[in-house]
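By convention in this document, chain letters (A, B, ...) are assigned in the order of the sequence lines, proteins followed by strands, and residues within each chain are numbered from 1.
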Amino acid sequence: ACLTPRSALLYKFSGSPSKSLKDINNMIKQGEHR
Amino acid sequence: KEVVDRLRYLEAEIEDLELKEKELDQQKLWVQQSIKNVMDDSINHQYPFNLIVGILELELSSRETLLAIQAPCGTQLEVPIPELGQNGQKKYQINLKSSSGPIHVLLINKE
Amino acid sequence: AQECQNLEMEKQKRIERIKQKRAQLQDLLLQQIAFKNLVQRNEQNEQQNQGPPALNSTIQLPFLIVNTSKRTVIDCSISSDKFEYLFNFDNAFEIHDDSEVLKRMGMSFGLEAGKCSAEDLRTAKSLVPKALEGYITDMSAGFSWVNQGLLSSSAQAVSYLEVA
């Protein structure tokens, strides 16, 4: 198991702004390029 | 005298901006309530959103696989940072956790 | 002079906050227009088809759409009560919320892009409270506070005060 806690991005249905999803999509894109 | 005048104008400007901000907060509450009414109305009158047809019209669906996730308000979606699996392949994950009702997932455009 | 400087900074902070709040209000208005427009469209469909749509052609709000390449292998684990799902993808994906999807379906009349016909503008205005119609007119003219950084009445008020 990795030592540092694996961080994740969260989104809440009808609770988070659309921007949270944009952040998640950007993280996935960066993960893809890395 | 000039600095005192400037001070007075700034105080008046800030007062105006404060009013403007209060007005925006009020308007935001109105619209949020109105959206909630539409959503409640759609559930009460069973006007479900005829989404699949609409989505298939989107150019998106021709190239891609589409999953529709319908979940109760407050359901949490968690996406961990992508990591490398054992075989060196990238792994991308989505965790869904609801506390108030079942989650429905529809695979829209794949045989 | 020090007091003036403090008030100048205070003013800039407030202007920035107002810009953010206007952008949020703009987004909420687009959402409201899209939802109301879609409900109206469904009602028309229901009248034309003499009955509700087929069950598997509809989905309730709120929903998300996940899109990924057709080559992606998706592995899915589901709890027995369907309260928890775990998806593993071997390829990247994107997630969009319902208001984003409805905008792409044209449900907000292209207002978000500042492209809206006069007819659609009239319809869009009829879907929001009268007091907020000004925002719709501004949006249809491609006037967005986020990217142009302008404020309508408070900018006029501020510039008026400065001139005064």
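Using a 4.5 Å heavy-atom threshold, the side chains of C/F35 and B/I35 count as touching. Residues C/Y135 and B/Q27 meet the side-chain proximity criterion, which asks for heavy atoms closer than 4.5 Å. Residues C/F83 and B/P102 are in side-chain contact: their nearest non-hydrogen atoms beyond the backbone lie under 4.5 Å apart. A 4.5 Å side-chain heavy-atom check between B/Y9 and C/L7 finds every atom pair outside the cut-off. A heavy-atom distance below 4.5 Å is found between the side chains of C/E8 and B/R6. Two residues are said to be in side-chain contact when any heavy atoms from C-beta on lie closer than 4.5 Å; C/F87 and B/L96 meet this criterion.
Contacts of B/Q76 with chain C are absent, with no heavy-atom separation under 4.5 Å from either backbone or side chain. Heavy-atom distances place the side chain of B/L77, and not its backbone, under 4.5 Å from chain C. Contact of C/L28 with chain B is made through backbone and side chain together, with heavy-atom distances under 4.5 Å. Heavy atoms of B/V105 lying under 4.5 Å from chain C belong to its backbone as well as its side chain. Only the side chain of C/L132 has a heavy atom closer than 4.5 Å to any heavy atom of chain B. The part of B/D25 that comes within reach of chain C is its side chain, from C-beta onward, which places non-hydrogen atoms under 4.5 angstrom from that chain.
When each of B/I69, B/I94, B/L67 is paired with C/I95, the side chain to side chain contact (heavy atoms under 4.5 Å, CB included) condition holds for B/I94 and for no other.
Comment: B/K90 does not engage C/D90 in a salt bridge, judged by the lack of any side-chain N to carboxylate O separation of less than 4.0 angstrom. The existence of a salt bridge linking B/E15 and C/R14 is excluded, since no basic side-chain nitrogen approaches an acidic carboxylate oxygen closer than 4.0 Å. No salt bridge links B/E64 with C/K70; every basic N to acidic carboxylate O contact stays at or beyond 4.0 Å.
Summarising the geometry, atom CG belonging to B/L17 is positioned 9.0 Å from atom CD belonging to C/Q12; distances are rounded to the nearest 0.5 Å. Interatomic distance, B/I14 CD1 to C/K13 NZ, rounded to the nearest 0.5 Å: 9.5 Å. To the nearest 0.5 Å, the span separating CD on B/E18 from CD on C/E10 amounts to 8.5 Å. Atom-to-atom distance recorded for C/K36:NZ and B/S34:OG is 4.0 Å, nearest 0.5 angstrom. Summarising the geometry, atom CD belonging to C/E3 is positioned 5.5 Å from atom CG belonging to B/L7; distances are rounded to the nearest 0.5 Å. B/K20 NZ to C/I15 CD1: the interatomic distance, rounded to the nearest 0.5 Å, is 12.5 Å.
The minimum heavy-atom distance between C/L25 and B/V31, with the atom names listed, is CD1-CG2, 3.9 Å. Here the shortest heavy-atom pairing between C/A131 and B/W30 reads CB-CZ3, 3.8 Å. Here the closest non-hydrogen pair linking B/T65 and C/S69 is OG1-O, 3.7 Å.
No other option in B/T75, B/V3, B/I103 has as many heavy-atom pairs under 4.5 Å with chain C as B/I103. Between chain C and the residues B/E11, B/Q70, B/H104, the largest count of heavy-atom pairs under 4.5 Å involves B/Q70. Of the listed residues (C/T68, C/N88, C/I78), the one with the most heavy-atom contacts under 4.5 Å to chain B is C/T68.
The number of heavy atoms from other shown groups lying within 6.0 Å of NZ (C/K21) is above 12.
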